Number of protein chains: 2
Amino acid sequence: MTVSVQAVADRAGVSISTVSRALRGVPGISQTTRKRVRDAAVELGYVASPSASRLATGRTRTVAVVVPLLTKWFFAEVIAAAGRVLSREGYDVLLTELSTVELRAGFFASPRLHGRSDGALVVAMQLGSEELASLEAQGQVLALVGSESAGASSVRVEDRIGGRAAARHLINLGHERIAFVGLRAGPGSTLGGVPPAERLLGYREALAEAGFPSDPGLEHVVENTVDAGAAAMAALLTAEEPPTALVAASDEIAFGAMATLRGAGLSVPDDFSIVGYDNHELAGVVGLTTMDHGVAEQGRLAAEALVAALAGAPAAVGRIEPRLVVRGSTAPPRRLRAGSR
Amino acid sequence: MTVSVQAVADRAGVSISTVSRALRGVPGISQTTRKRVRDAAVELGYVASPSASRLATGRTRTVAVVVPLLTKWFFAEVIAAAGRVLSREGYDVLLTELSTVELRAGFFASPRLHGRSDGALVVAMQLGSEELASLEAQGQVLALVGSESAGASSVRVEDRIGGRAAARHLINLGHERIAFVGLRAGPGSTLGGVPPAERLLGYREALAEAGFPSDPGLEHVVENTVDAGAAAMAALLTAEEPPTALVAASDEIAFGAMATLRGAGLSVPDDFSIVGYDNHELAGVVGLTTMDHGVAEQGRLAAEALVAALAGAPAAVGRIEPRLVVRGSTAPPRRLRAGSR
DNA sequence: CTGAAAGCGCTTACAG
DNA sequence: CTGAAAGCGCTTACAG
């Protein structure tokens, strides 16, 4: 049924050792022999048994990609970008979604990756020290996106700078009452929460620099869903002195906020300005001005760092600086515009 | 470093055969022995080497999930749902994205899954007979979503019924000029194309039943992107006698169409009605009436059929009937509404 | 440059 | 119910 090294060896008239060496491209094999073996392998449709190679070498040449959720645009984008470099580099990708606290606990309670992958690319999960220790005890080389750990590769997004730039853009347009809706992990969520916090810090920084008084009533922290964004916007509209603009910590929050405004008969950006965060694939359609934090690039950089580390390179940390993408959801506030009624 | 069967055997005072049997739950082991072995394994933190088990048994207990694209909501949703049942059933999931024709050709040219997975769950790719043969030669048990093949499990979505229901809804509201924007694989795309065609057939069927003349000018076929949807809508608006409603073969097409209408100053649904297809996670925010074809369920059903087939059950074909989800993007045409100016 | 042999860590008839 | 031994299909020192 299945073609083994022995079959190739017979056909090429060499030993199995030679077949193994010839096919893996190790040096110390004559050109003619190598060619003969390769031809035989091709003719027979031979491909080494992964299980056998893995057992013999102790290396799996597979990377586990672990995410809290697969169904959010952000994660799919990161995984896709990472997966492309991993498979280009000859690694299999073992997909692991830890979408509930039970799943997460179970995953770290036993050495589930041991012998299955050589490394793990962990996306947007703040790993506890026991969790990190568990992964390391399982012999995993690590690459983190959205979190950091000494000795592990990671990609760091300058979210404070991003949050600051978003708020700055609105300030520059003339807005003075600017709200912020940030992200919080929901109950039962396995998402980490540090980067969003940095976005909030950047927002506060910009306001302070502009000399605006800090106003806790302008800051909301909600789950990362469209509905939560819609609800937060609604709450903001009930304030004594409502804001004229919003920095949303994600595009999904922004989408929800836009829906609420539309429902209230308010126009974006004529009556209200919004800056999102992500540059979601659908941000363009709705004309959302947003912070692009190179989502695909996060995945790519992490995968590249992991591949390098698996080849013996020291852990590396990548850096991404978010940049503003101006579309139609931001404009000067009504009071500053000529011709406004 | 790594704990082997031998270590567990020593600690439990039995042979390695007994350890293996006790841990895998095979019958013919005394309760006391089994417990002793299990305790020893836990104390030692032992977990069998996957490579070794795979080599010995010839089974990998992993399933390859192959998709044309990871970054579309549809695929992420299907994979997530499938992945949850697969890992619940103890299978590893090997992720394979074939996003270009080169990648696809390379994948099928060599037995890339051989010895890596016991089965493959293939999403939305019309596999050619050579491709199917390749997979079978690699010993893969198959489950297909969005395509069918004799002997393979699959889940069939009644897209003709769905397309018909969408058009019907508009007809019932009183529309008489109803356009259709369908899906086509773009250049270099690896997407299959049969299900979308069925949606078109259903649409035509509904129009014929209503006695409307068929009008090719009302039918467009484009790539499945928001931009293509926007462009198609724009083209429709230039017709001599423009339609008053649209059946979009995907929600992304519908999103694009809505953007075009908004840009043209037309109101949905006051001036124009739209029915989408998918029930995309963001369909709710924009108030899109759409056909829900149980995307997550497609993944779940396929995975369940695959797991069953891997356990020896005969191939099964699941069936999903799309259902209309009415939101705010559809209404009677202007001419039928009282109080319209 | 090439081959014989040991070893990777399991599973599974075969005996008892 | 339990154990000794062969075998799964590779890789890799070790000799030559």
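Values in this document were obtained by computation on a predicted structure and should not be read as measured data. All values below were derived from every heavy atom in this structure, side-chain atoms included, with hydrogens, water molecules and symmetry-related copies excluded. Within every chain, numbering begins at 1; the chains are lettered A, B, ... in the order of the sequence lines, protein sequences first and strands thereafter.
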Side chain of [X] only, please: which of [options] is the nearest?
X: Ser17(A); options: dG3(C), dC8(C), dC10(C); result: dG3(C)
X: Arg21(A); options: dT2(D), dC14(D), dC10(D); result: dC14(D)
X: Thr57(B); options: dG3(C), dG9(D), dT11(C); result: dT11(C)
X: Ser4(A); options: dC10(D), dT12(C), dA13(D); result: dC10(D)
X: Val5(B); options: dG3(C), dC1(D), dC10(C); result: dC10(C)
X: Thr18(A); options: dT2(C), dG9(C), dC10(D); result: dT2(C)
X: Ser15(B); options: dG3(C), dG3(D), dG9(C); result: dG3(D)
X: Arg24(A); options: dC1(D), dT12(D), dC10(D); result: dT12(D)
X: Val14(B); options: dC10(D), dT11(C), dG3(D); result: dG3(D)

Under a 3.5 Å cut-off for both distances, is dG3(C) Watson-Crick or wobble paired, and to whom? dC14(D)
Check every strand shown and say whether Thr33(B) touches a base, only sugar-phosphate, or nothing at a heavy-atom separation below 4.0 Å. sugar-phosphate
Within 45° cone of Tyr91(B) ring axis and under 6.0 Å: Arg61(B) NZ or CZ: yes
Cut-off 3.5 Å, side chains only: do Ser134(B) and Gln138(B) have a donor facing an acceptor? yes
